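Worksheet for the structure shown next.
Everything quoted here is computed from the prediction, not taken from an experiment.
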Amino acid sequence: MEILSARIDERLVHAQTTINWIEYLKCDRVIVIDDNILADDIQKNALKMSCPKNVKLSILESNNAASRFKENFFENERVLILFRGFKSLNRLISYGYMIDKVYIGNLRYNEDDKIEINKNVSISPEQKEVALNLIHEGVKLYLQLLPSHPCVELKDLL
């Protein structure tokens, strides 16, 4: 498996992902890692409808994703991995599969105690703690909404 990009974007597969990232990366498969989506038929169907027909879609819980990645289940595939948030990435790593570089597209936390990083990313104090822990574990977190935008390392903004 060739991981072309791993992204945190609460919208997961949406128009911006399809038009800008999937086409840009020329991936064969999109893997959504989230521990709650499999129990929600509406979300699963929305993801399936949003993914281009020529790109395979897998929706996995973090423990299942870690197992499949370690077993090289997606051998010879070019993959885009999508997480809804930091917790899913953290869980994947806790199950023994490390991703050392992750890009953040859109996270909107709308409570009073939000930490606004930029116009597309606001996080809670809890999310900040998880992000800092990921950085401490060796994960490089970058803000990058579109392929044409510059990458900014999250640790420099926290």
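- Scanning for ring pair (Phe, Tyr, Trp, His ring centres under 6.0 Å) contacts around Y109 gives an empty result, with sequence neighbours left out.
- Between D28 and K56 no salt bridge is recorded (no basic side-chain N to carboxylate O distance below 4.0 Å).
- None of L89, I135, N90 except one satisfies the side-chain contact (heavy atoms from CB on, under 4.5 Å) rule with V130; the exception is N90.
- Looking at heavy atoms from C-beta onward, E77 lies out of side-chain contact with M1 at the 4.5 angstrom threshold.
- No donor-acceptor pair closer than 3.5 Å links the side chain of R11 to the backbone N or O of T17.
- Among L143, N106, L145, the one residue that satisfies the side-chain contact (heavy atoms from CB on, under 4.5 Å) test with V121 is L143.
- Of the possible polar contacts, one joining the T18 side chain to the H14 backbone as a donor-acceptor pair under 3.5 Å is found.
- Linking ILVMFWY residues whenever their side-chain heavy atoms come closer than 4.5 Å, directly or via other members, places V152 and I115 in the same cluster.
- Nearest heavy atom pair, residue K70 against residue Y95, reads NZ-O, 2.8 Å.
- Cluster annotation: I99 and I31 are assigned to the same hydrophobic cluster (Ile/Leu/Val/Met/Phe/Trp/Tyr, side-chain heavy-atom contacts under 4.5 Å, transitive).
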Under the criterion side chain to side chain contact (heavy atoms under 4.5 Å, CB included), I'd like the reasoning laid out for V79 against I81: C-alpha separation, chi angles, the key distance, then a yes or no.
CA-CA 6 Å; V79 173; I81 299 174; 3.7 Å; yes
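- Side-chain contact between L107 and D9 is absent, with no heavy-atom pair separated by less than 4.5 Å.
- Following chains of ILVMFWY side-chain contacts shorter than 4.5 Å, one can reach I93 starting from L60, so the two form part of one hydrophobic cluster.
- When side chains are defined from C-beta on, L82 counts as touching V13, because their heavy atoms get closer than 4.5 Å.
- By the salt bridge (Lys or Arg N to Asp or Glu O under 4.0 Å) test, R68 pairs with no residue at all, sequence neighbours left out.
- A salt bridge is absent between R91 and E61; no separation between the charged side-chain nitrogens and carboxylate oxygens falls under 4.0 Å.
- For G138 against M98, the heavy-atom pair with the smallest separation is C-CE, 3.9 Å.
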Could you walk me through whether L38 and K44 pass side chain to side chain contact (heavy atoms under 4.5 Å, CB included), step by step?
CA-CA 7 Å; L38 289 175; K44 283 191 306 192; 4.0 Å; yes
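- Counting only distance, with no hydrogens or angles, the side chain of Q144 and the backbone of P150 share no donor-acceptor pair below 3.5 Å.
- With hydrogens and angles disregarded, a donor-acceptor distance shorter than 3.5 Å links the side chain of E10 to the backbone of R108.
- Side-chain contact between F86 and I123 is present, with heavy atoms from C-beta onward closer than 4.5 Å.
- Residues I22 and V30 form a side-chain contact, since some pair of their non-hydrogen atoms from C-beta on lies under 4.5 Å apart.
- Of all non-hydrogen atoms in S62 and D35, the two that sit nearest each other are N-OD1, 2.7 Å.
- Side-chain contact between F73 and N64: absent, with no pair of heavy atoms (C-beta onward) separated by less than 4.5 Å.
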After noting the C-alpha distance and the side-chain angles of I59 and D34, does the key distance pass the side chain to side chain contact (heavy atoms under 4.5 Å, CB included) rule?
CA-CA 7 Å; I59 304 168; D34 186 272; 5.9 Å; no
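- Under a cut-off of 6.0 angstrom, the local environment of CD in E126 is sparse, with at most 12 non-hydrogen atoms contributed by other residues, nucleotides or ligands.
- No side-chain donor-acceptor contact under 3.5 Å links R7 to the backbone of L80.
- By the ring pair (Phe, Tyr, Trp, His ring centres under 6.0 Å) test, Y97 is found to be paired with F69, residues two or more places apart in sequence or in another chain being considered.
- With rounding to the nearest 0.5 Å, the separation of CG in N63 from OG in S94 is 9.0 Å.
- A donor atom on one side chain and an acceptor atom on the other are found under 3.5 Å apart for S58 and R29.
- Residues K140 and E153 form a side-chain contact, since some pair of their non-hydrogen atoms from C-beta on lies under 4.5 Å apart.
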Evaluate the criterion side chain to side chain contact (heavy atoms under 4.5 Å, CB included) for residue pair I8 and R84; output intermediate values, then yes/no.
CA-CA 6 Å; I8 295 173; R84 186 181 303 274; over 6 Å; no
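- At a threshold of 4.5 Å between non-hydrogen side-chain atoms, the residues K128 and L158 count as touching.
- If you chain together hydrophobic residues whose side chains sit under 4.5 Å apart, F83 and I37 never meet in one group.
- Contact between A131 and L154 at its shortest, heavy atoms only, is CB-CD2, 4.1 Å.
- Within a 6.0 Å radius of CD in E116, more than 12 heavy atoms belonging to other residues, nucleotides or ligands are found.
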